[in-house]
Protein chains: 2
Amino acid sequence: MRKLVLLTFFGLTLFNICIAQELKSPDGKFVMSFSLLENGTPSYTLAYKGKLVIKPSKLGLELKSGPKKPGMDKAEDMVQKSVNAKASLFDNFAIADTKTSSFDESWNPVWGEVKTIRNHYNEMAVTLDQKGNDRRMIIRFRLFDDGLGFRYEFPQQKNLIYFVIKEERTQFAMTGDHTAFWIPGDYDTQEYDYTESKLSEVRGLMAKAITSNASQTQFSPTGVQTSLMLKTADGIYINLHEAALINYSCMSLNLDDKNMIFESWLTPDANGDKGYMQAPCTSPWRTIMVSDDARDIIASKMTYNLNEPCKIKETGWIKPVKYVGVWWEMITGKSSWSYTNDFPSVKLGITDYSQAKPNGTHGANTAHVKELIDFAAANGFDAVLVEGWNTGWEDWFGNSKDYVFDFVTPYPDFHLLELRDYAKSKGVKIIMHHETSGSTRNYERHMDTAFKFMKENGYDAVKTGYVGNIIPRGEHHYSQFIINHYQYAVEKAAAYHIMLNAHEAVRPTGIARTWPNMIGNEAARGTEFQAFGGSKPNHVTILPFTRLLGGPMDYTPGVFEMDISKLNPGNKSHCNSTLANQLALYLTMYSPLQMAADLPENYTRFPDAFQFIKDVAVDWDDSKYIEAEPGRYITVARKAKGTGKWFLGSVNGETPRTSSIAFDFLEPGKTYIATIYGDGKDAHYKTNPQSYIIRKVAVTSKSKLSQFVAPGGGYAISFVEGDKSAVKGLKKL
Amino acid sequence: MRKLVLLTFFGLTLFNICIAQELKSPDGKFVMSFSLLENGTPSYTLAYKGKLVIKPSKLGLELKSGPKKPGMDKAEDMVQKSVNAKASLFDNFAIADTKTSSFDESWNPVWGEVKTIRNHYNEMAVTLDQKGNDRRMIIRFRLFDDGLGFRYEFPQQKNLIYFVIKEERTQFAMTGDHTAFWIPGDYDTQEYDYTESKLSEVRGLMAKAITSNASQTQFSPTGVQTSLMLKTADGIYINLHEAALINYSCMSLNLDDKNMIFESWLTPDANGDKGYMQAPCTSPWRTIMVSDDARDIIASKMTYNLNEPCKIKETGWIKPVKYVGVWWEMITGKSSWSYTNDFPSVKLGITDYSQAKPNGTHGANTAHVKELIDFAAANGFDAVLVEGWNTGWEDWFGNSKDYVFDFVTPYPDFHLLELRDYAKSKGVKIIMHHETSGSTRNYERHMDTAFKFMKENGYDAVKTGYVGNIIPRGEHHYSQFIINHYQYAVEKAAAYHIMLNAHEAVRPTGIARTWPNMIGNEAARGTEFQAFGGSKPNHVTILPFTRLLGGPMDYTPGVFEMDISKLNPGNKSHCNSTLANQLALYLTMYSPLQMAADLPENYTRFPDAFQFIKDVAVDWDDSKYIEAEPGRYITVARKAKGTGKWFLGSVNGETPRTSSIAFDFLEPGKTYIATIYGDGKDAHYKTNPQSYIIRKVAVTSKSKLSQFVAPGGGYAISFVEGDKSAVKGLKKL
């Protein structure tokens with residue numbers, strides 16, 4: 001009994017709060033409250049519509065106190081002191097100053113879901129002085145109508161210049177045992193299926209949630225990654241993520257599942273250190289999106305707004321791309337990246353391919369690439385991705401191979417110039433592929449040459465890959481040193497006017513606002529896993545709530561043949577999706593880079609359904625989220641850039657349903673021909689994925705639709721304005 | 001009693017040897033014997049003139065058995081197996097084949113001590129098959145008249161493709177408690193004074209031997225570095241080192257001081273692994289030089305002979321260089337590398353130098369560099385090294401700073417183009433300086449731009465530096481990954497026709513035969529330490545027996561003012577050398593790159609002595625080692641390339657002595673004017689270093705010299721052919 005009292009008492013003192021300072025969102029729905037705890041620890045809370053969504057949560061960082069390195073001159077001694085300063089940057093603070101301000105501007109993205117994005121927030125910058133250490137830190141809060149962003153800032157000062165982060169100690173204290181859509185915390189991959197569970201169940205489900213990957217490093221039985229989607233018992237949606245991850249290590253979250261408090265967990269370097277900082281500098285933004293309407297979360301542009309404006313002056317060369325590729329055939333095992341089976345291992349420049357016996361399965365051969373170019377040209381695709389065109393694929397990962405690819409030497413059966421000219425004559429671009437195998441030094445050594453090579457041979461976009469463990473050895477895919485590498489590649493590519501689509505790199509955090517040549521990223525479990533054993537049917541109803549909040553994903557939809565053994569008898573995988581669901585993905589998985597992943601022969605089998613992929617736009621003037629529930633369904637309508645045509649897509653999870661929506665997004669008074677690509681009544685992602693019904697109807701902004709959606713199903717609609725004659729004879733909806 | 005018997009019995013079985021295979025040196029003085037121990041462990045011995053110098057010593061490597069990484073394709077699984085193979089590559093071997101051969105050729109180095117080098121050896125290649133594992137390893141021995149070289153070779157095979165070295169297990173079993181000239185084993189620096197001691201005393205003297213450095217990592221209380229110089233009680237000189245260190249980690253030696261057995265100890269990477277290998281590949285050569293005449297050790301060209309022939313086709317652009325520099329003044333603290341004291345820290349491209357207040361001590365200012373150019377031109381120097389010319393020196397090391405220098409941005413007071421044109425008008429080159437601060441990724445990112453910048457601005461040589469801890473963090477100055485970086489820089493420089501002189505890089509291993517643009521290296525305790533507290537007076541009598549065996553050192557001799565406080569009252573260091581000793585170094589410390597380190601004003605004070613530095617050559621047709629004893633003295637005569645002029649240098653340790661030598665190296669029948677620069681009778685490195693006597697005498701090949709040499713002293717001689725009139729009146733020797 002006494003014990004209980006003591007605990008309560010302790011609990012009280014712990015959060016015995018000094019005068020709190022409040023910040024309201026422009027619409028007044030959010031209130032952020034900042035205060036210092038008795039020991040001078042910064043703390044904040046966040047309330048939405050009068051309800052607390054983030055309980056008192058501590059802020060700060062723990063620094064590493066390095067041993068004094070032998071100095072050679074005064075300057076060195078001076079800066080060294082900072083490294084030896086006290087480790088705590090999380091207590092003993094006093095508020096030196098508080099500045100509040102408002103900001104409201106609109107900007108037009110180079111590509112995107114909408115033509116114009118409003119960046120509207122109220123800001124509070126709290127300047128904190130640490131007693132004793134004479135060190136200063138600013139915590140800057142930006143409160144939007146869709147949520148909160150805050151970051152740490154370290155201004156120029158005498159006693160905090162260079163410092164090493166041991167751990168960031170940012171808390172996100174939950175108000176209860178919420179439902180979470182999570183993937184295991186990992187330093188090297190995000191390619192996991194999402195688990196939906198109560199926070200209290202994370203620990204118990206962790207082992208099952210961890211599936212194997214070419215490179216992976218977990219750190220905690222309750223560690224999860226951001227963007228993390230949550231839902232409270234009373235129907236509030238919360239999303240935790242970060243924005244503007246630049247020259248800092250990637251943040252995961254570690255859950256204290258007794259108190260339901262998430263705390264930041266940074267990715268370490270080879271020495272276990274988590275960040276090398278030099279003031280003046282800042283952390284990335286930590287973001288908390290909140291709404292009682294799930295649609296607000298996926299419509300939010302907060303992550304972009306927390307990034308810097310575009311740094312590329314002339315952006316005319318950056319164009320959305322719809323493409324096909326020599327890719328799915330390798331992913332399914334039907335063909336190979338490699339050219340020969342002769343070599344136990346390969347040494348670039350030494351291994352003689354000219355004498356090697358072709359294995360007969362090499363996908364990127366001249367004749368086949370020409371077929372893809374023809375197919376792209378005939379069906380209005382902009383480009384063809386060709387993987388496995390360059391030497392080295394016989395021996396490319398799993399052995400920490402340093403000099404693994406040179407990025408400029410084609411296989412004997414890939415006739416570079418012939419294909420360059422052929423593609424040009426057909427008005428089709430070839431997309432370059434730079435697989436680095438995680439060997440980042442090797443890639444940087446070849447980057448300039450490789451980018452020059454691209455421009456000389458007519459390539460203006462590159463897909464990069466980081467499969468396998470990172471070199472330098474001991475670094476991770478998400479450690480600061482490698483985050484710096486990805487950024488280096490983005491900016492170097494921009495200098496060459498090259499569009500970049502990085503796979504296995506860190507998940508995006510809105511940086512595409514600043515560097516719009518970053519037209520795609522993987523950084524999540526994409527369609528390829530449908531050929532590696534399959535993904536959960538509701539996977540695509542979660543990604544827009546998590547991975548997509550930071551930027552577009554090169555998800556590669558458009559699989560029409562779900563039985564992978566039809567492509568490769570040795571591969572028993574099944575694509576857990578209906579054909580109609582695959583069509584809807586072109587809308588629900590927003591990206592300026594969209595692939596039609598399947599083989600041409602599979603599209604030829606379903607010309608009526610393929611028509612939608614040919615028609616659908618990849619850049620937009622407007623987007624309307626009509627239905628959304630994480631793990632269940634998403635329905636979105638988008639207005640194509642320039643043309644005024646509307647397209648709609650809806651994806652569904654495991655449970656069959658009827659989607660009842662209104663077309664009030666259409667222009668009043670106009671009549672449209674709506675072509676609806678829906679699931680057949682008997683459609684099912686597993687048993688009958690290719691059952692679909694296409695119907696043409698006449699609709700207006702007053703029309704309503706009631707549409708059946710199968711398990712793992714979906715539907716897609718294209719809207720074209722129709723005059724009387726065109727609409728004549730069409731059933732009205 | 002029984003115990004003793006058992007031990008002896010065990011001792012016997014341990015080295016119970018199967019049939020030995022013998023290899024003789026061309027002159028028959030050496031016999032190497034190879035055999036397999038009972039457990040199939042390779043073993044060798046080395047005898048010199050009938051005496052064993054290396055007792056039975058084991059050979060082999062221990063591999064790391066990595067965990068199976070999740071595979072994505074068959075090829076991956078296949079190669080992965082090799083990583084999982086048994087860890088032992090040191091036992092269970094059977095001899096599959098033994099090939100012997102002889103080799104004898106001569107080659108002409110681009111620069112060097114002699115015009116022609118003979119490469120003459122008998123070779124034995126033993127092919128070993130490992131039972132059970134079906135793995136193959138070749139040990140190749142090359143026995144020269146000056147010693148043994150051997151290496152491990154891993155041919156292309158099925159079961160040993162990729163492998164990770166946990167440790168190399170090469171033994172060098174000593175025959176007794178020899179005297180060693182050693183420096184502490186370290187992964188990051190060789191900048192130590194040598195300790196002379198019995199092997200049994202190493203452990204006790206280690207702590208004292210470790211002096212502080214900007215980056216250092218010791219690994220064992222009995223760890224020492226190579227090249228290691230040894231002397232046996234019966235007067236045999238032994239040197240242990242390595243040759244052709246390429247894409248492998250640097251070898252140190254760990255002493256088992258109970259049994260007096262040295263074993264190889266490789267430098268680990270950030271993960272503690274010691275080498276990533278892909279067959280076909282080889283280890284560097286392990287070398288054992290032996291002689292009963294110390295002169296043979298320093299005259300040996302074995303290390304070069306074990307390297308590949310020159311890979312640079314056209315070498316006309318590679319020229320020996322005698323230079324002065326804006327350097328000693330910073331080392332002594334008289335002036336500074338930095339331009340201003342305004343900044344607590346620097347961010348390149350952001351910190352605004354144009355507004356900064358100059359500190360008034362910046363050495364590399366236009367006016368001062370012009371003075372150096374004038375001095376160089378007036379005194380026949382080829383070049384001027386200028387350090388501290390580029391922005392960033394206010395904040396350059398000790399903080400693991402990634403973007404530390406850009407290598408192309410001069411300080412406001414260094415007028416690049418003006419100096420380029422001025423130097424050109426005076427026929428003098430400026431030597432570029434690239435301090436990397438150990439940030440190797442940053443250097444590689446800027447290397448192409450920096451080398452182009454050099455060529456555009458008339459620079460054809462660069463001094464690089466690696467002060468401070470290595471980035472990527474966790475790597476070491478001597479780990480495989482960074483060895484690879486140094487080699488990358490050498491080959492990249494060669495592509496730009498740039499001569500390279502790397503400081504704080506790994507000690508050379510004869511690679512300059514293959515890449516003669518590597519005209520210098522530091523990689524030992526150089527003259528700078530005379531301004532950092534001083535070095536042992538006999539240091540220069542040891543370096544030619546150790547550091548110099550792998551290649552030339554940019555030792556930077558020529559200090560005339562030994563009292564450093566005369567340059568900088570705040571620096572109480574003393575240069576432990578007489579002035580005559582400093583002159584002799586131009587001969588005894590062979591290098592195609594020789595500096596006159598001191599300030600012009602100090603040379604102006606001693607014009608007669610300075611004359612020798614002006615006269616002495618830097619490239620040679622022939623060299624004769626006349627006297628040599630490690631730690632005591634070295635005397636060498638060299639014949640200048642082309643001119644036929646002879647020069648002689650002699651350095652001494654602590655003990656004063658009389659050097660009695662014959663001039664029989666001179667051309668018979670000719671008379672020479674010999675200018676002898678010797679120590680004054682009262683000269684002493686500490687108390688009276690500037691006491692010297694210069695005398696001119698007439699000499700022939702029959703002449704003999706008896707010359708006093710002071711503690712830490714030396715003498716230098718220049719020989720010029722003289723006709724009767726010239727010789728007239730000159731005292732004959």
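Below, chains carry the letters A, B, ... as their sequence lines are ordered, and counting in each starts from 1.
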Verify, without hydrogens or angle tests, whether B:Q278 (side chain) and A:V346 (backbone) share a donor-acceptor contact under 3.5 angstrom.
yes
Is the side chain of B:K347 donor-acceptor paired with the backbone N or O of A:P280 at a distance under 3.5 Å, no angle test?
yes
Considering only heavy atoms from C-beta outward, does the side chain of B:P344 approach that of A:Q156 to under 4.5 Å?
yes
To the closest 0.5 Å, what do you measure between CG (B:N271) and CZ (A:R473)?
8.5 Å
To the nearest 0.5 Å, tell me how far B:Y403 OH sits from A:N247 CG.
12.5 Å
Chain B: which of A:K492, A:K401, A:Q157, A:H485 shares the most heavy-atom pairs with it under 4.5 Å?
A:K401
Quick one, A:N484 with B:R441, criterion side chain to side chain contact (heavy atoms under 4.5 Å, CB included). Give me CA distance, side-chain angles, the key distance, then yes/no.
CA-CA 11 Å; A:N484 178 294; B:R441 181 176 71 175; 3.1 Å; yes
Looking at [X] and [Y], what are the two nearest heavy atoms and their distance?
X: A:S345; Y: B:I161; answer: CB-CG2, 3.5 Å
X: B:D402; Y: A:F481; answer: OD2-CE1, 3.8 Å
X: B:E444; Y: A:R445; answer: OE1-NE, 2.7 Å

Residues in ring-ring contact (aromatic ring centres under 6.0 Å, His included) contact with A:Y411, at least two apart in sequence or another chain:
A:Y339, A:Y353, A:H362
Mind checking ring-ring contact (aromatic ring centres under 6.0 Å, His included) for B:H476 and listing every partner two or more places apart, or none if nothing turns up?
B:Y187
Say whether B:N399 and A:Y276, considering side chains only, have a donor N or O and an acceptor N or O under 3.5 Å apart.
no
Interface check, chain A: of B:S336, B:A270, B:G333, B:P472, most non-hydrogen pairs under 4.5 Å belong to B:P472
